[in-house]
Engineer: 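I have a structure here, written as structure tokens, and I will follow up with some questions on it.
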Amino acid sequence: MNEQQLERMRTGKGFVAALDQSGGSTPKALLQYGVAEDAYTDEEGMFTAVHTMRTRIIQSPAFDSKHILGAILFENTMDREIDGKSTADYLWENKGVVPFLKVDKGLDVQENGVQLMKPMPDLDALLARAADKRIFGTKMRSVIHEANAEGIKQVADQQFEVGKRIFAAGLIPIIEPEVNILSEDREESERLLKAELNRQLAALDPDVRVMLKLSIPVEDGFYSELMQDPHVVRVVALSGGFPQKEANEHLARNPGLIASFSRALAEGLSFGQTEADFNETLARSVESIYKASIT
């Protein structure tokens, strides 16, 4: 594990950029960027188009280590290059940004009010490749739709079981049990989730370290105690569908919680923009998300 990267993630000011849209969400991300589905003919064309978009974001002067601590990549992005370097090496060596990798294979069908992660039969091989590519950590997502105690326990059990395997492979896992912000009993779901997170953290071996990626809570400061847990490197927040301005407003009311936004980061960016307009739009987004993250 890279100790310099660990210290940056533990104490640095800034936020984590989520650039990890995968097969299912890539067409939507490209459409938001102004690239319609008829612009590519197959999966390879789609992934080439999205890598071009991500490369444009990463290479922008606005994407810098002053504001951005880390970036989460999709597997296909990890396997590609930027200016002759692996994407992970380019991020760290050229930008000073810590590279992470999305490792889950998507969500299973909803049961007990939650969606667990689909099976990951090739996880060990993927973690070995990630380590060879000098990836620092990983991210995996589940979703909680209802305040179902059994389902939320299943989410936490699965996330930490896989997280311990990831840590044993030399990487820092980002545990992401997203609470659906449209859920009618969202606040109760968050209460049940926090209890499960505390239970899981208390059972970890002393040397194990994790990060948490959580929906911005209904109650301001609700996750503050998790930030003090010795196992927790950092607690980051997903935008969860909030527009950028609203996500930033909610985030700023939670000291210590930093952003890990995807759609909110790319808001306003378009394929057809000039480089000047693109960089200016991204710079505004980066600056606003950064300010909300350090408040």
Side-chain angles (χ1 to χ4, degrees), residues 9 13-22 24-33 50 53-54 57-58 60 62-63 67-74 77 97-98 100 102 104 106-107 115 137 139-145 155 159 174-183 186-187 189-190 193-194 211-224 226-227 234-270 281-295:
M9 293 310 307
K13 289 186 176 183
F15 67 93
V16 176
L19 305 176
D20 59 329
Q21 295 94 346
S22 55
S25 57
T26 295
K28 187 175 181 180
L30 284 171
L31 191 60
Q32 179 184 343
Y33 181 58
V50 82
M53 178 186 78
R54 289 166 179 156
I57 291 171
I58 291 169
S60 170
F63 194 94
H67 300 91
I68 299 170
L69 298 175
I72 305 171
L73 308 174
F74 175 51
T77 308
V97 172
V98 179
F100 290 82
K102 167 186 159 68
D104 69 79
L107 298 170
Q115 287 181 275
K139 189 214 80 162
M140 50 192 176
R141 173 176 171 258
S142 312
V143 179
I144 297 166
H145 297 285
V155 165
Q159 283 276 347
I174 299 179
I175 306 291
E176 184 183 6
E178 175 182 349
V179 175
N180 186 340
I181 62 169
L182 300 179
S183 170
R186 175 179 158 209
E187 193 165 9
S189 292
E190 291 171 353
L193 175 61
K194 186 168 77 167
M211 291 174 60
L212 302 175
K213 182 168 179 175
L214 307 172
S215 304
I216 304 171
V218 174
E219 179 185 329
D220 295 342
F222 186 67
Y223 292 126
S224 295
L226 295 175
M227 301 172 193
R234 206 72 184 251
V235 182
V236 305
L238 58 130
S239 55
F242 285 125
Q244 184 189 110
K245 184 176 184 296
E246 191 173 354
N248 286 339
E249 289 170 353
H250 288 299
L251 182 67
R253 297 199 296 267
N254 288 268
L257 191 63
I258 68 171
S260 178
F261 293 171
S262 175
R263 280 169 293 181
L265 173 63
E267 189 173 294
L269 298 180
S270 172
T281 300
L282 182 59
R284 284 197 302 269
S285 292
V286 166
E287 185 66 31
S288 67
I289 295 169
Y290 173 79
K291 286 181 178 177
S293 295
I294 65 170
T295 299

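This one's a predicted model, so the numbers in the text were calculated from it and none came from an experiment. By convention here, the first residue in the shown sequence is residue 1.
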Engineer: So L251 and F261, side-chain contact (heavy atoms from CB on, under 4.5 Å) or not? Walk me through it.
Structural biologist: CA-CA 11 Å; L251 182 67; F261 293 171; 4.1 Å; yes
Engineer: Taking only residues two or more places apart in sequence or in another chain, which ones pass side-chain hydrogen bond (donor to acceptor under 3.5 Å, both in side chains) with N248?
Structural biologist: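 If we apply the side-chain hydrogen bond (donor to acceptor under 3.5 Å, both in side chains) test to N248, skipping adjacent residues, the hits are S288.
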Engineer: What is the distance from atom NE2 of H145 to atom CZ of R186, rounded to the nearest 0.5 Å?
Structural biologist: 14.0 Å
Engineer: Should the pair E249-K245 be classified as a salt bridge under the 4.0 Å nitrogen-to-oxygen rule?
Structural biologist: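 A salt bridge links E249 with K245.
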Engineer: Shortest non-hydrogen contact from Q244 to S285?
Structural biologist: NE2-OG, 2.9 Å
Engineer: Could you tell me whether R263 and E267 have a side-chain N and a carboxylate O separated by less than 4.0 Å?
Structural biologist: no
Engineer: First locate atom CD of E176, then atom CG of L238, and finally report the distance between them rounded to the nearest 0.5 Å.
Structural biologist: 5.5 Å
Engineer: Restricting to non-hydrogen atoms, name the atom on T295 and the atom on A252 that form the minimum distance, rounded to 0.1 Å.
Structural biologist: CG2-O, 3.6 Å
Engineer: State the CG-OH distance between L212 and Y223, to the nearest 0.5 angstrom.
Structural biologist: 9.5 Å
Engineer: Could you check K139, K102, R54 and say which one makes a salt bridge (charged side-chain N to carboxylate O under 4.0 Å, His left out) with D20?
Structural biologist: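 Answer to the salt bridge (charged side-chain N to carboxylate O under 4.0 Å, His left out) test with D20 among K139, K102, R54: K139.
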Engineer: So how far is it from I68 CD1 to F63 CZ, rounded to the nearest 0.5 Å?
Structural biologist: 4.0 Å
Engineer: Would a distance-only check, ignoring hydrogens and angles, find a side-chain to backbone donor-acceptor pair under 3.5 Å from S293 to A259?
Structural biologist: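 Yes; at least one donor-acceptor contact below 3.5 Å.
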Engineer: So which heavy atom on R141 is nearest to which on L107, and how close?
Structural biologist: O-CD2, 3.3 Å
Engineer: Checking Q159 side chain against M140 main chain: does a donor-acceptor pair fall under 3.5 Å?
Structural biologist: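 Indeed, once roles are kept as given, a pair shorter than 3.5 Å links the two residues.
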Engineer: Looking only at heavy atoms, what is the nearest atom pair of I216 and A237, with distance?
Structural biologist: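 Closest pair (atom of I216, atom of A237, distance): CG1-CB, 3.7 Å.
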Engineer: Any side-chain heavy atom of L19 sitting closer than 4.5 Å to one from T77?
Structural biologist: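 Side chain of L19 against side chain of T77, heavy atoms only: no contact under 4.5 Å found.
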Engineer: Which of these, I294, L69, L265, sits in a side chain to side chain contact (heavy atoms under 4.5 Å, CB included) with F15?
Structural biologist: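 Looking at I294, L69, L265, the match for F15 under the side chain to side chain contact (heavy atoms under 4.5 Å, CB included) is L265.
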Engineer: Ignoring hydrogens, what is the shortest heavy-atom contact between I174 and I72? Give both atom names and the distance.
Structural biologist: CD1-CD1, 4.2 Å
Engineer: Spell out, as yes or no, whether a donor-acceptor pair under 3.5 Å connects the side chain of R234 to the backbone of M9.
Structural biologist: yes
Engineer: How many angstroms lie between OG in S224 and CD in E219, if you round to the nearest 0.5 Å?
Structural biologist: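 Reported value, rounded in 0.5 Å steps: 9.0 Å.
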Engineer: Return the minimal non-hydrogen interatomic distance between V179 and S189, and the atom names on each side.
Structural biologist: CG1-CB, 4.0 Å
Engineer: After noting the C-alpha distance and the side-chain angles of K13 and I258, does the key distance pass the side-chain contact (heavy atoms from CB on, under 4.5 Å) rule?
Structural biologist: CA-CA 9 Å; K13 289 186 176 183; I258 68 171; over 6 Å; no
Engineer: For the atom pair CD (E187) and CZ (F222), what is the distance rounded to the nearest 0.5 Å?
Structural biologist: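 One finds 7.5 Å between CD of E187 and CZ of F222.
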Engineer: Angle class for the F242/H250 ring planes (parallel below 30°, perpendicular above 60°, tilted otherwise)?
Structural biologist: tilted
Engineer: Has D220 got a side-chain atom pairing as donor or acceptor with N254's backbone, closer than 3.5 angstrom?
Structural biologist: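 Answer holds: no.
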